[in-house]
Undergrad: 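Once you've had a glance at the structure underneath, I'll fire off some questions.
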Number of protein chains: 2
Amino acid sequence: MGRWEPDAQGRMARAALELYAERGYEQTTVQDIAERAGVTERTYFRYFADKREVLFDGAHTLERLAVAGVAEAPADAGPLDAAGAGVVRGCDALADRYERARTRAGVVAANPGLQERELLKMAALGTAVAAALRERGVAAPAAALAAEAAVAAFRVGFEAWVASDGGRGLDDHVRAALADLRALAAG
Amino acid sequence: MGRWEPDAQGRMARAALELYAERGYEQTTVQDIAERAGVTERTYFRYFADKREVLFDGAHTLERLAVAGVAEAPADAGPLDAAGAGVVRGCDALADRYERARTRAGVVAANPGLQERELLKMAALGTAVAAALRERGVAAPAAALAAEAAVAAFRVGFEAWVASDGGRGLDDHVRAALADLRALAAG
DNA sequence: TACGGTGATGACAGCGACTGACATCACGGT
DNA sequence: ACCGTGATGTCAGTCGCTGTCATCACCGTA
């Protein structure tokens, strides 16, 4: 693999997921990833902030979709409805990547450090959704709570999805979690 | 400070918070903390797993209180009520430490790495509360969602507390967030 | 008092994550 | 053929973190 092969970032992301899944996150060095991708360690750190970030380069897409979903929710939808519409829209970012999502979820579940990063991304998603809600005129505290609740439902739905056989879509699971949440709060 | 002065852990925790607040987390080395506490770097890592953990040694107390609060909630309380009672009970762990909590919150807010750790602790709190709810006979999915929601309310309440002048107690803010959450879900 | 066991600490070497500085390379335009 | 530009390689260095072993203070016991 030459020095100027295209898609260095994609090669590194794939190499990292493979290695993390094969031998574990801690047993993989950044140099291992760089070698498999045909670059040097220094180049890795030009694309990814640290050893973990390579697993989270799709987070931005998810966030962008969710914000769009909130903005385009019906005008008469309440805060929780709008936030729910956002995270359901975000599901499009992962819809056709069930296998990869499953592998990745297994890697993350096996390492607390990676869980930390995932939680930070989810928190950022919540912040973005909350901002989108305020854009709709929702008051700040209600926006924060509705966003947090919707993101919690997304997480629960995501976990159910990767634990399933993939027969139903991620969005189905997330919608079910949102419905559960409403039932809970009412009870 | 001699080699065998008592309360090495407490000294290190105080030194770390001071240094993180004075010059920032990244500008502080573990050796700086160890020196101010009168120990060596190696001793630091015998008490704390890493450079961040020194700010989170109270998390266990919070978790234990919350679990007790859930277990002792009225038998006829719903899942969200019981989870809410848990996080309200957890407030006792911080009730008389407003100043320290404020300083610590500022340090954490200034560093994404510390936010990650805080999120992990909150997730662990949610897991523990969910387990306590299942102990009460709540079904697994409902327990997870109720716990997540209650922890979200705790976080919102905590943020309001440290942003306030400390006139009202942390538990007041958390109770208000829980009430907001109910109103939201109903709307 | 002398002695030995025990737990905490210090000293040291080493790996790996991450960064800054500078050289080098491929490519496109002139 | 030349040059500017951006991506990459090379190198040195700091810091987080760990394993290993020696050392120290304390405590019980003879």
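Quick note on labels: first sequence line is chain A, next is B, and so on, each numbered from 1.
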Undergrad: Collect all protein-nucleotide pairs involving nucleotides 13-19 of chain D in which both atoms are nitrogen or oxygen and the distance is under 3.5 Å.
TA:
unit_1  : atom_1 : unit_2   : atom_2 : d
dG16(D) : OP1    : Lys51(B) : NZ     : 3.2
dG16(D) : OP2    : Val30(B) : N      : 3.4
dC17(D) : OP2    : Lys51(B) : N      : 2.5
dG19(D) : N7     : Arg42(B) : NH2    : 3.0
dG19(D) : O6     : Arg42(B) : NE     : 2.7

Undergrad: Quickly work out the Asp7(A) CG to dA7(D) P distance and round it to whole Å.
TA: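 To the nearest whole Å, that distance equals 14 Å.
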Undergrad: Gln9(B) has an atom CD; how far is it from atom C1' of dG7(C), in whole Å?
TA: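 Checked: the CD to C1' distance equals 16 Å.
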Undergrad: Pick out which of Val162(A), Leu17(A), Val108(A) makes a side-chain contact (heavy atoms from CB on, under 4.5 Å) with Thr103(A).
TA: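 So, applying the side-chain contact (heavy atoms from CB on, under 4.5 Å) to Thr103(A) and each of Val162(A), Leu17(A), Val108(A), only Leu17(A) qualifies.
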Undergrad: At their closest point, which heavy atom of Ala75(A) faces which heavy atom of Arg136(A), and how far apart are they?
TA: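 Answer, listing the atom of Ala75(A) first, then Arg136(A): O-NH2, 3.9 Å.
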Undergrad: Sequence neighbours excluded, which residues qualify as ring pair (Phe, Tyr, Trp, His ring centres under 6.0 Å) partners of Phe48(B)?
TA: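 Counting only residues at least two positions away or on another chain, Phe48(B) forms a ring pair (Phe, Tyr, Trp, His ring centres under 6.0 Å) with Tyr44(B).
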Undergrad: Does the side chain of Thr43(B) get closer than 4.0 angstrom to OP1 or OP2 of dG10(C) through an N or O atom?
TA: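 Yes, within the criterion.
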Undergrad: Output yes when at least one side-chain N/O atom of Tyr47(A) is less than 4.0 Å from OP1 or OP2 of dA7(D), else no.
TA: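 Negative; the distance criterion is not met.
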Undergrad: Between dG9(D) atom C1' and Met12(A) atom CE, what is the distance in whole Å?
TA: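 To the nearest whole Å, that distance equals 13 Å.
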Undergrad: Which heavy-atom pair separates Asp180(B) from Pro141(A) by the least distance, and what is that distance?
TA: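 That would be OD2-CB, 4.5 Å.
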Undergrad: CG/Leu170(A) to CG/Asp96(A) distance, rounded to the nearest 0.5 angstrom?
TA: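 So the gap between those two atoms works out to 11.0 Å.
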Undergrad: Between Glu26(A) and Lys51(A), is the salt bridge (charged side-chain N to carboxylate O under 4.0 Å, His left out) condition met? List the steps.
TA: CA-CA 10 Å; Glu26(A) 292 181 353; Lys51(A) 189 182 170 185; over 6 Å; no
